[in-house]
Novice: 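Input: one structure, supplied below.
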Amino acid sequence: MKSHKEKAQSIFAAILLANRVEVAITEAQINEGVARYGVARDTLKGKLVAHAAWNDLYYGASAKVAAAALKSLAVDFPKQAALFAPAAAAVAAGAEADKLAREAQKADKLARREAKTAKAAKKVELGAELKGASETTYLALRAGLVDVEAALAGHIAEGLRNTFNDLSKTLAEHGGDYRAAFTVLNRRGERVHELPDNFDLFFKYTPNWTRAFAYDSVSSRITSAANRRAADAVGGYSAKLAGKIDNAAPAGAEVDWVKVAISRDIWTGSVLTVALTDGSRQSWNTKIIWNQSVYGRQFNQWPTTRLA
């Protein structure tokens, strides 16, 4: 895309080339030519050179420069200046249009940035990104699943503690050397070092690779990680289900209360009941199923379907 200056130059070019405005060379210009280029003074006397305003229009045209150049040109050559006046007006109009377009683009970019920031902040606040679901329904689900989330966090924390103890034992058996403790065979049958899952959560190593953390110092890290993972899991589940509940709910009805018939694992056979403010109810079943890809690889899914 052409810049405004390039657009202005193209507008002036044809007119300027056909109507070159020349004036007698000044003594100052002669002195400059002699001093800068070593040209003989006699060869410069009596020469015609382009009017300064003509040069400004041709080589540096912009709305502001054009206005000043035309004003200067009109003093010595009013008829020639009149030829450029319509083009100058077009340049000025183009400059204003470009300015407005830039301002609109800047405002749009700022609005999109602010919307993105607000969306990210809302995601952090809610613990999930809502897509087509109301915040009211989502928060009602989170409130109804608070016991499930707490139980899930406790289960995750227990698993992490067991993993920590197992890894600590393995490290101790190998003198704290992770390279000796954790090796696997790659596809070529070569033994390579590979850290287990959650290793960085549990351990911090000094340059000589000796274990630096014991359980009492990592316990709070396990609790925080478990709480975060449980919140992410329940938040994602709630965000997805909230959209389905909203789509199935009568107009104007909101969630009154939520009850789930399972203590912890809502993904492998739970039934969740939702009571709405209009007196109606919905029941949703989530279960685990196994599918197989076109490449023969099995994978699991957790669909949630309405029972009633």
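Position 1 is the first residue of the sequence, and the numbers go up from there.
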Novice: Salt bridge check, Asp232 against Arg228: does any charged N sit closer than 4.0 Å to a carboxylate O?
Specialist: no
Novice: What's the separation between atom NZ in Lys259 and atom OG in Ser283, rounded to the nearest 0.5 Å?
Specialist: 11.0 Å
Novice: If you take all heavy atoms of Ala226 and Ala153, which pair is closest and at what distance?
Specialist: CB-O, 3.4 Å
Novice: Please determine if Glu103 and Lys106 form a salt bridge, counting it only when a charged side-chain N lies under 4.0 Å from a carboxylate O.
Specialist: no
Novice: Can you give me the closest heavy-atom contact between Trp284 and Ala248, atom names plus distance?
Specialist: CZ2-CB, 4.3 Å
Novice: For Leu126, is there any backbone N or O sitting under 3.5 Å from a side-chain donor or acceptor partner on Tyr138?
Specialist: yes
Novice: How long is the span from the CD1 atom in Ile245 to the CD atom in Glu254, to the nearest 0.5 Å?
Specialist: 12.5 Å
Novice: Would a 4.5 Å heavy-atom cut-off, applied to side chains only, mark Val49 and Gln29 as touching?
Specialist: yes
Novice: Grab the two heavy atoms, one from Ile266 and one from Val148, that are nearest each other, plus how far apart they are.
Specialist: CG2-CG1, 3.6 Å
Novice: Mark yes or no for whether Thr183, through its side chain, and Arg191, through its backbone, hold a donor-acceptor pair below 3.5 Å.
Specialist: no
Novice: Angle class for the Phe182/Phe199 ring planes (parallel below 30°, perpendicular above 60°, tilted otherwise)?
Specialist: perpendicular
Novice: Measure the spacing between NZ of Lys122 and CG of Leu130 and express it to the nearest 0.5 Å.
Specialist: 8.5 Å
Novice: Would you give the length of the straight line joining atom OG1 of Thr163 to atom CD1 of Ile156, rounded to the nearest 0.5 angstrom?
Specialist: 11.5 Å
Novice: Between Gly235 and Ala128, what is the shortest heavy-atom contact and its length?
Specialist: O-CB, 3.5 Å
Novice: To the nearest 0.5 Å, tell me how far Trp257 CH2 sits from Thr277 OG1.
Specialist: 13.0 Å
Novice: Within the 3.5 Å criterion, strictly below it, is a donor on Arg142 or Ser238 matched to an acceptor on the partner's side chain?
Specialist: no
Novice: Give the intermediate values and the outcome of side chain to side chain contact (heavy atoms under 4.5 Å, CB included) for residues Thr268 and Lys287.
Specialist: CA-CA 4 Å; Thr268 57; Lys287 60 183 178 180; over 6 Å; no
Novice: Could you check if a side-chain atom of Val23 sits within less than 4.5 angstrom of a side-chain atom of Phe77, using non-hydrogen atoms only?
Specialist: yes
Novice: Looking at Asp108, I'd like to know if its CG atom is crowded, meaning that more than 12 non-hydrogen atoms belonging to other residues, nucleotides or ligands lie closer than 6.0 Å.
Specialist: yes
Novice: Is there a side-chain contact between Leu272 and Leu241 (heavy atoms, below 4.5 Å)?
Specialist: yes
Novice: Would you say the side chain of Val271 lies within less than 4.5 Å of the side chain of Leu307, judging by non-hydrogen atoms?
Specialist: yes
Novice: Do Asp246 and Thr137 have side-chain N/O donor and acceptor atoms under 3.5 Å apart?
Specialist: yes
Novice: If Ile, Leu, Val, Met, Phe, Trp and Tyr residues are connected whenever their side-chain heavy atoms lie under 4.5 Å apart, and connections chain through other members, are Leu48 and Ile25 in the same group?
Specialist: no
Novice: Does the Glu114 side chain pair with the main chain of Ala111, one donor and one acceptor, at a distance under 3.5 Å?
Specialist: no
Novice: Between Arg306 and Asn285, is there a side-chain donor-acceptor contact under 3.5 Å, judged purely by atom types and distance?
Specialist: no
Novice: Is there a donor-acceptor contact under 3.5 Å linking the side chains of Thr170 and Glu173?
Specialist: no
Novice: Is the count of non-hydrogen atoms from other residues, nucleotides or ligands lying under 6.0 Å from Gln105 atom CD greater than 12?
Specialist: no
Novice: Would you indicate whether the side-chain heavy atoms of Leu167 and Pro196 approach each other to under 4.5 Å?
Specialist: yes
Novice: Within this structure, what is the CZ-CD1 distance for the pair Phe202 and Ile222, rounded to the nearest 0.5 Å?
Specialist: 5.0 Å
Novice: Taking Val234 as the fixed residue, which of Leu141, Val146, Leu152 is the one that meets the side-chain contact (heavy atoms from CB on, under 4.5 Å) rule?
Specialist: Leu152
Novice: Thinking salt bridges, do Arg41 and Glu27 make one under a 4.0 Å N-O criterion?
Specialist: yes
Novice: Listed by chain and number, what are the side chain to side chain donor-acceptor pair (under 3.5 Å) partners of Thr286, not counting sequence neighbours?
Specialist: Tyr237, Thr304
Novice: Report yes or no: does Thr43 contribute a side-chain atom to a donor-acceptor pair with the main-chain N or O of Ala40 at less than 3.5 Å?
Specialist: yes
Novice: Would you indicate whether the side-chain heavy atoms of Asp76 and His51 approach each other to under 4.5 Å?
Specialist: yes
Novice: Count the heavy atoms of every other residue, nucleotide or ligand shown that sit under 6.0 Å from CD of Glu129, and state whether that count exceeds 12.
Specialist: yes
Novice: Do Val258 and Thr273 come within less than 4.5 Å of each other through their side chains, counting heavy atoms only?
Specialist: no
Novice: On a heavy-atom basis, which atom in Ala253 and which in Ala249 lie closest, and how many Å separate them?
Specialist: O-CB, 4.4 Å
